[in-house]
Structures are given as structure tokens and as C-alpha cells.
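What follows is a set of notes on a single structure, which appears directly below.
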There are 2 protein chains.
Amino acid sequence: MNTVSKSQKKRDALVKATISLVNNNGFHATPMSKIAKMAEVSAGTIYLYFENKQDLVNQVYIDVKAAFSKFAFKDYEEGGSVNKGFEIIWKNIAEFKLMKVEEAMFLSQCDNTPIVDEPSRKEGLKHLQPLLDLWERGKKEEIIKPVSPYMLYAFSIYPIAFLMNMQEREIFKLTKENIDEAYEMAWNSIKI
Amino acid sequence: MNTVSKSQKKRDALVKATISLVNNNGFHATPMSKIAKMAEVSAGTIYLYFENKQDLVNQVYIDVKAAFSKFAFKDYEEGGSVNKGFEIIWKNIAEFKLMKVEEAMFLSQCDNTPIVDEPSRKEGLKHLQPLLDLWERGKKEEIIKPVSPYMLYAFSIYPIAFLMNMQEREIFKLTKENIDEAYEMAWNSIKI
DNA sequence: TACAAAAAAATGAACGTTCATTCATTTTTA
DNA sequence: TAAAAATGAATGAACGTTCATTTTTTTGTA
């Protein structure tokens, strides 16, 4: 049997189409009509699921960010060593950015432009708490540098987005060895 | 006397207006009419300086990127130690991102969306060679990790853009001390 | 189970607005 | 006074959104 309702399928198709078109053409060149066409849905149908274009991007952003966060913490449980915990999370994030390129590219575009509104941005940040907690513990244990979590994020996590971007533009190839080197660089920047 | 021609002034005003409006509203919500109004120029005048809207953003991108690169290498001369050279360049870049926020935000938006075309992107990259050369020397001297320059850039330079973004959203404050800490983190990630 | 009536979902043509761009005219400069 | 620069109203295409109509699904009844 089919556990996904028909209307959920349409919403999913719309979300997917939005991600793909915004990635390839940018938000400014992604009309609702094209989204509808790619999702194989009529133009009016979009407005049964989303209030308007702004609401559509907001919801897509929140959806993708939730999927990202879920992925980031798979196989992770609090309580283990800070080193190991960070490695698990970091490699999950790297895997997400390299496997789910479409989603990751979309997030990178949203995080660097005013196409999503402030409340949705806040909403998207919610799920990162376990990483912040881990860092807090790492600071107490004098393993992690006693600096703002924004600094830790900037130097250890954010760089992955750049590598993904270069990879996507076929300027640079991220191999298995590269990933281990990258992880080392991330860790070296935040460890004491 | 006035060494800047009148028409150069108009072009400058258009460039400035474009940066400001794209930063605040996004490219999709920046009509030519608003750019003209903010630059105190008639709509048609834009087309004396730029072919069309695409050409306008491309040129603004290239202009700003050139200013950025120039700034990045001020007070730098090849030949000094790798450590010192990198510190000078890194701190220049940090200063640019924190002092010339408008320009830096615009670059970050362009670098993460398809609003500028590929040739302009290539053009914008041209001026970074001295940093690549420095890194190459650092690798030979076994001071810098023997990894792709994209990796070095991702972990040492790219994070500054994240900090700038957070600073701009008033989520995080970058103080003098922070900057020194950040520099340490950057250096730790790329040094052997 | 079969069918019809009611409700819900989906459609897509139509609407009004906004936008990028043009060009006949005016203003400024040489 | 000729040339160059600037203007801004006009144009037509494209867009987001609506809504009268159609299609599909659900419900109620025998």
C-alpha cells in the first residue's frame, strides 16, 4: 500500500521542483509557472499548498534544513567523547553536502541571500543544538577553543559548503582522502 | 579640481545603488527603476553605461571583486616569510569584510547564486594569484599543508564571510580579540 | 456492492500589475 | 551651433495570483 497521501506527493513534487529551479536559475528567474510545470501540476494548485511564492521558499527552506539537521546527527549520541562526537557529526554533514547536493546548494543560496525571511531562518537554526552542546562540553573539558560557537561553526563546518560549491562547478574534486584531510583541517582549527 | 568625470560619477552611483539594493532586497526584488531612483538618474541612463540588467550585475561584481583583491594585497610584498605574508593578507581580507560590509555582502551573495554569469566569475578570480603563489611556496617550505588551494581557501579565508554575515545580522559581534582568535584558527587549519 | 449526491481537490484561462528596455525629445557640454 | 548625454513616457512581455469551472474522492443510502 501507499502510505504517502496523494496531496503529500504533490507538495513533495513542488518542493523538489523549487529546489531544482532555484539552484539552476536563481530565485529571480524561477517563475511559479515553471515550478508548476516541472512538478506536473497546474499553476493554481501551488496555492492550495502554499500561501504565495514567499511562503513557498520559506517552507522549502525549513523542510530542507530539517532534513539536513536530521542527517547531521544520525549515529550520534551525546555522552561519547567530544573528539569522536565531533567527527561523527562533521562527517555526516560532509556526506550530506556531497550526496544531497541539490538540497545543500539550495541551503547555501538561502543562507546568503534575502530570499527567505527572518522567522524562517530562525526556525531553520533550531535543530543544531546538539552540536552546540557538544562544543560547550568540549570547552569545559579544555579540548575545544573557548570561543563563540559562531567562530567554531565558521571554521569547522562552513568551509564544507565552499568545497561543495567548487565541486559542483567542477573546479575541484572532493575524494575520500580529501575528506579526511578536510576533517583534519576542521579539527585543527577548533581544538585547543 | 575634479579628476573624476561626470559620467564616471553616474556609473559609480549606479554601482553603489545596485550593491545596496541587491544586499537589502535581493536581486529578484531590485528593479532597474529603483536602481535609477537611488542613483538619482533616469531609467534610460542606465542603458548608456550597461547593456542590460545582467551586464550591470556582472560589471558590479567584477568591479567589487577587483577592489577586494587590491585591498587584500595592500602592504604585502612577495619574498617575506610565508607566515608573515599570510597574516598580512588574511588580516587585510578580514578588514575588508568588516569595514566594507556592503561590498563584502554583495560578493557573498554573488558567489552563492547564479546572478552573475560564469565568465564574470572567472574574471573575478584572476587577481588572487599572489595568495596562491604564497601558498605554493609555503608547501615547498613544508609550512603549509600539501593540499589543494581550494581546501586552503575553504578553511582559512571563506570562514570570514560567515562571521561577517553573522555580524551583519547582529547575531554575533566581531571584536579586536575575536579577530586575533579567528586568525589563529585560520592559521591552525592550514599550517603543517 | 452499486450508485448518486455532496465535498474536496485540481485546473488553467484571465486579470491586473510590474518590469526591463526603447526612443523621440530635451538638456547639457564642447 | 553641433554633438553628446540624459530624460522619462511609452511599450510589450512576463509574472504572481485568482476564481469560475471541471475532475476526483468521499460519503450516505439501499
Side-chain angles (χ1 to χ4, degrees), chain A residues 1-61 106 109-110 113-117 120, chain B residues 1-61 106 109-110 113-117 120:
Chain A
M1 283 300 141
N2 185 353
T3 71
V4 181
S5 75
K6 213 160 198 180
S7 68
Q8 200 52 237
K9 267 193 196 164
K10 291 222 163 126
R11 210 196 92 109
D12 285 354
L14 285 166
V15 167
K16 264 200 136 169
T18 303
I19 293 170
S20 165
L21 289 166
V22 169
N23 276 346
N24 290 306
N25 310 327
F27 184 68
H28 71 284
T30 304
M32 296 298 257
S33 56
K34 273 196 192 169
I35 296 174
K37 192 165 280 177
M38 181 173 262
E40 292 182 302
V41 139
S42 98
T45 303
I46 300 182
Y47 293 87
L48 301 174
Y49 297 90
F50 306 96
E51 260 180 55
N52 49 42
K53 199 180 178 187
Q54 181 65 64
D55 181 51
L56 169 61
V57 245
N58 287 344
Q59 286 201 39
V60 174
Y61 176 76
F106 182 79
Q109 194 162 163
C110 291
T113 64
I115 66 180
V116 293
D117 62 21
S120 308
Chain B
M1 285 297 140
N2 186 352
T3 72
V4 181
S5 75
K6 212 159 198 180
S7 69
Q8 200 52 238
K9 268 193 193 163
K10 291 223 163 127
R11 210 195 93 108
D12 285 353
L14 285 165
V15 167
K16 266 201 136 172
T18 303
I19 293 170
S20 165
L21 289 167
V22 169
N23 276 344
N24 291 305
N25 312 327
F27 184 68
H28 70 284
T30 304
M32 297 296 258
S33 56
K34 273 195 191 171
I35 296 174
K37 191 165 284 179
M38 181 174 261
E40 293 181 301
V41 140
S42 99
T45 303
I46 299 181
Y47 295 86
L48 300 175
Y49 297 91
F50 307 96
E51 260 180 55
N52 50 41
K53 199 180 177 185
Q54 182 65 64
D55 181 51
L56 168 61
V57 244
N58 287 343
Q59 287 201 39
V60 173
Y61 176 76
F106 181 80
Q109 196 162 163
C110 292
T113 65
I115 66 181
V116 293
D117 63 21
S120 308

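Letters go in sequence order (proteins before strands), and every chain restarts at 1.
In this structure, the CG atom of Leu14(B) is 14 Å from the C1' atom of dT7(D), given to the nearest Å. Atom pair Ile35(A):CD1 and dT11(C):P shows a separation of 15 Å (rounding to whole Å applied). Lys37(A) has its NZ atom 14 Å from the P atom of dT11(C), to the nearest Å. In this structure, the NZ atom of Lys10(B) is 7 Å from the C1' atom of dA5(D), given to the nearest Å. Counting to the nearest Å, the C1' atom of dA5(D) and the CD atom of Gln8(B) are 15 Å from each other. Rounded to an integer number of Å, the gap from Ile46(A) CD1 to dT17(D) C1' is 10 Å. Going from atom CD of Glu40(A) over to atom C1' of dG12(C) covers 16 Å, rounded to whole Å. For the pair His28(A) NE2 and dG16(D) C1', the interatomic distance rounds to 17 Å; values are reported in whole Å.
OP1 or OP2 of dA6(D) has at least one side-chain nitrogen or oxygen of Tyr49(B) nearer than 4.0 Å.
Of the candidates dG12(C), dG8(D), dA9(C), dG12(C) carries the atom nearest the Ser42(A) side chain, counting heavy atoms from C-beta on.
The two residues Ala39(A) and Leu14(A) come nearest to each other via the heavy atoms CB-CD2, 3.7 Å. Between Ala17(A) and Ile35(A), the shortest heavy-atom distance links the atoms CB-O, 3.8 Å. Looking at every heavy atom in both residues, Pro114(B) comes nearest to Asn25(A) through CG-C, 3.9 Å. Minimum heavy-atom separation, Ser120(A) to Tyr61(A): O-CE2, 3.5 Å.
For the helix from dT1(C)-dA30(D) to dA30(C)-dT1(D), the terminal axes (five pairs an end, C1' atoms, rotation from four pairs onto the next four) enclose an angle of 20°, given to 10 degrees.
Side-chain N or O atoms of Thr30(B) include one that pairs as donor or acceptor with a backbone N or O of Gly26(B) at under 3.5 Å.
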Distances under 3.5 Å only, N/O to N/O: pair up the protein atoms with those of nucleotides 21-27 of chain C.
| from | atom 1 | to | atom 2 | distance (Å) |
| --- | --- | --- | --- | --- |
| dT21(C) | OP2 | Tyr47(B) | OH | 2.8 |
| dT21(C) | OP2 | Lys53(B) | N | 2.9 |
| dT21(C) | O5' | Tyr47(B) | OH | 3.4 |

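Taking 4.5 Å as the limit, some side-chain heavy atom of Met32(B) sits within range of a side-chain heavy atom of Leu56(B). The shortest side-chain heavy-atom distance between Thr45(B) and Phe50(B) does not fall under the 4.5 Å cut-off.
Neither side chain, Asn23(A) nor Ser20(A), offers a donor N or O lying under 3.5 Å from an acceptor on the other.
Figure legend: cation-pi geometry between Lys53(B) and Tyr47(B) absent, as NZ or CZ is not positioned both under 6.0 Å from the six-membered ring centre and within 45° of its axis.
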